[in-house]
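Just below is one structure, and these are the notes that go with it.
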Number of protein chains: 2
Amino acid sequence: MQISSRFTIALHIFTCVDTFQEEYKVTSDFLASSINTNPVIIRKILTQLKQAGLITVARGTGGITPTRPLSDITFYDVYKAVDSIEDDTLFHFHENPNPQCPVGRNVHGLLDGKLKAIQDAMENEMRKYTIEDLRDGMQELLTVEGS
Amino acid sequence: MQISSRFTIALHIFTCVDTFQEEYKVTSDFLASSINTNPVIIRKILTQLKQAGLITVARGTGGITPTRPLSDITFYDVYKAVDSIEDDTLFHFHENPNPQCPVGRNVHGLLDGKLKAIQDAMENEMRKYTIEDLRDGMQELLTVEGS
DNA sequence: TTCAGTTGTAACCATCACAGTTTCATCTGT
DNA sequence: ACAGATGAAACTGTGATGGTTACAACTGAA
């Protein structure tokens, strides 16, 4: 299964805010146009980012503001905000293995540690990248484009 | 989004084959009982494992045989067999960012490398664990249980 | 104080993946 | 031939996703 596009959309949103906030009013309509989707989709994601405490959104007037330095917002923070999973377990374990069976009653003990290690590997890599990296990377790409 | 339970079920299947093949005929009915699901679910997963070249399944008589040494079958192999994703991309990118927008036309260039690094981190960790590890671990658990 | 612009949210809809189930054809060793 | 097993088709229910319309609520400015 794939991780939902809400994640890449959220990163796209942050990048647009960084890039355009001086020049334009960055509204859900503006973002929807850049991302090429519906403004309501954007607002739903903004709500999730807001609930996670990553941004504030101005009602009426519009406008998005990160609540902390961009170097303190990692991909992991964004992922957890928009794609949170029940119990934080990446792997969906089959629910009721047979306790009468020696394998059935031990399969959790056998697998849980390894599955967690895999999930940790992914999440730790996610923690390495920040919104600041995106801002810097985009500035570089735009400089190259402009030259 | 969670990775489907087919993955843990497949690992459960391999463990049952290892553990019980001497003692019982390991059929889809037998496995369905240990895993506590429907035999047809098991057969669908067996078909995927077979198509990936990891096992052979005997028709008529029943019986499952891995095609290579258990130390050569990794979690990654099993994951790819039962949970394959379109294009092998873990992250679902929003499809059509606006090419008129400087961010829209550069967002792929900005993100693709980082997303791939995250996916690689997960998959490389998956490659560290083999079905042999499961067999050994289960033997140990059963020894402790029996003592 | 009205008004235009914006966010927040509810109520839908279509599509898809997942897990499960029934049913039956097909294969294989005895 | 038969019992026991796999293979596969067809169908169901459930939930997530992505999208859309509609409207209430808020805000700053005219």
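Here the structure is a predicted model, which means the values were calculated and not measured. Sequence lines set the chain letters: A, B, ... in the order given, protein chains first and strands last, and positions in each chain run from 1.
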TODO: For atom CD of E140(A), decide whether the heavy atoms of other residues, nucleotides or ligands shown that lie under 6.0 angstrom number more than 12.
DONE: no
Open item on the list: Taking salt bridge (Lys or Arg N to Asp or Glu O under 4.0 Å) as the cut-off, I'd like each qualifying pair that reaches into residues 88-110 of chain A, sequence neighbours left out, listed once.
Closed with: K80(A)-D88(A), R105(A)-E145(B)
Task: Under 3.5 Å donor-acceptor, R135(A) side chain and D18(A) backbone - done: no
- [ ] Rounded to the nearest angstrom, tell me the gap between atom CD in Q2(A) and atom P in dC16(C).
- [x] 14 Å
TODO: At under 4.0 Å between heavy atoms, which parts of nucleotides 21-30 of chain C does protein reach? Answer with one letter per nucleotide, 5' to 3': B base, S sugar-phosphate only, - none.
DONE: BB---BBS--
TODO: In whole angstrom, give the distance that lies between atom CG of L46(B) and atom P of dG7(D).
DONE: 7 Å
Open item on the list: In this structure, how many angstroms lie between the P atom of dC18(C) and the CD1 atom of I45(B), rounded?
Closed with: 11 Å
Open item on the list: Heavy atoms within less than 4.0 Å of DNA chain C: which residues of residues 3-31 of chain B have one? Give them sorted by number.
Closed with: S4(B), S5(B), R6(B)
TODO: Check D72(A), I131(A), L54(A) against D77(A) for a side-chain contact (heavy atoms from CB on, under 4.5 Å) and give me the one that passes.
DONE: L54(A)
Could you go through residues 32-42 of chain A and list every donor-acceptor pair under 3.5 Å that involves a side-chain atom there, pairing it with any protein atom two or more places apart or in another chain?
residue: S34(A); atom: OG; partner: H12(A); partner atom: NE2; Å: 2.8
residue: N36(A); atom: ND2; partner: N96(B); partner atom: O; Å: 2.9
residue: N38(A); atom: OD1; partner: V40(A); partner atom: N; Å: 2.9

Task: Parallel, tilted or perpendicular, as decided by the 30° and 60° cut-offs, for the rings of Y79(A) and F7(A) - done: perpendicular
Task: F20(B) and F30(B) aromatic ring geometry - parallel, tilted or perpendicular at 30°/60° bounds - done: perpendicular
TODO: Would you check if I3(A) and M122(A) make a side-chain contact, meaning some heavy-atom pair closer than 4.5 Å?
DONE: yes
Open item on the list: Between P on dA19(C) and CG on N36(B), what's the gap in Å once rounded to a whole number?
Closed with: 14 Å
TODO: Check the distance between dT14(D)'s P and M1(B)'s CE and give it to me in whole angstrom.
DONE: 17 Å
- [ ] For I55(A) and dG8(C), give me the distance from atom CD1 to atom C1', rounded to whole Å.
- [x] 13 Å
- [ ] May I have the distance from I42(A) (atom CD1) to dT6(C) (atom C1'), rounded to whole angstrom?
- [x] 14 Å
Open item on the list: Counting only heavy atoms and a strict 4.0 angstrom limit, can you tell me which residues of residues 90-100 of chain B come near DNA chain C?
Closed with: none
Task: Which residues share a side-chain hydrogen bond (donor to acceptor under 3.5 Å, both in side chains) with Q48(A), sequence neighbours left out - done: none
- [ ] Could you tell me the separation between the CG atom of L134(B) and the CD atom of Q139(B), rounded to the nearest 0.5 Å?
- [x] 11.5 Å
Open item on the list: Using the rule given for side chain to side chain donor-acceptor pair (under 3.5 Å), can you reason through H92(A) versus S4(B), listing the C-alpha separation, both sets of side-chain angles and the distance that settles it, and then say yes or no?
Closed with: CA-CA 6 Å; H92(A) 179 196; S4(B) 91; over 6 Å; no
Task: Side-chain N or O of K50(A) closer than 4.0 Å to phosphate OP1/OP2 of dT7(C) - done: no
